[in-house]
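Reckoned from all heavy atoms, side chains included, excluding hydrogens, waters and symmetry mates. Letters A, B, ... are given to chains in the order of the sequence lines, protein chains preceding strands, and every chain is numbered from 1.
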Amino acid sequence: DAKTTQPNSMESNEEEPVHLPCNHSTISGTDYIHWYRQLPSQGPEYVIHGLTSNVNNRMASLAIAEDRKSSTLILHRATLRDAAVYYCILRTIYGASGGSYIPTFGRGTSLIVHP
Amino acid sequence: DTEVTQTPKHLVMGMTNKKSLKCEQHMGHRAMYWYKQKAKKPPELMFVYSYEKLSINESVPSRFSPECPNSSLLNLHLHALQPEDSALYLCASGLSGRGPEAFFGQGTRLTVV
């Protein structure tokens, strides 16, 4: 499976935008880029995913480089509730055709949000 | 209902005890997973069930025994655990073969004494 590289930690001030980078230089053409986050004492939660085009949803935006070797998760206005570990994951498919999408987690980026 | 429910939330057990962790989802997902997470580490995949059949066992010791009684339920039976097995155990479910998302429960915090 292609690997991802993320900074160990980042800091932000409340109500400022946050750009969380992820490098995935060995990504294959069919790998989707997914982001999950894990708030303290909770299970991970899905944030967003994309293949080639930039994506927006109610939680965040995902900007994907033209060569797809890197991507950036953008939180437009960080709040204290966004303090979490953010995981950048490339799609892993197991099993027969169709398979099951199974998140395989790297170390992630711990986001600290200052009031 | 987009929840994955895990019980109990906390469990303390002795090394000679037998206990079970339970996971339930009613989203119609046919893939269910167990992960183990040690403190300050990312979740590590343990088992995958697809259509109620075990499809992945990531070389997990036999003192952990998964069971999928039906498409909504996933159990993890624990026996003769070691203190190093203390961790957060996470259950997740997803649309087998479709959909990008996996939905995680809040986990069971297990302490082996």
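For Y46(A) and F104(B), the ring centers are positioned 6.0 Å apart or more. Aromatic pair Y87(A)/F105(A): centroids less than 6.0 angstrom apart.
Here the side chain of S50(B) pairs no donor or acceptor atom with the backbone of A31(B) at under 3.5 angstrom. In this structure, the side chain of R68(A) engages the main chain of S28(A) through a donor-acceptor pair within 3.5 Å.
Taking the six-membered ring where tryptophan is involved, the planes of H34(A) and H49(A) are essentially parallel, since the angle between them stays under 30° and well short of 60°.
Counting heavy-atom pairs under 4.5 Å between each of Q6(B), K41(B), Q37(B), E44(B) and chain A puts Q37(B) at the top. Between chain A and the residues C91(B), P43(B), A92(B), G105(B), the largest count of heavy-atom pairs under 4.5 Å involves P43(B).
For residues 66-76 of chain B, the side-chain hydrogen bond (donor to acceptor under 3.5 Å, both in side chains) pairs, not counting sequence neighbours, are E67(B)-N75(B), E67(B)-H77(B).
Between R63(B) and D85(B) there is a salt bridge, since a side-chain N of the basic residue sits under 4.0 Å from a carboxylate O of the acidic one.
At a heavy-atom cut-off of under 4.5 Å, chain B is reached by no residue from residues 6-15 of chain A.
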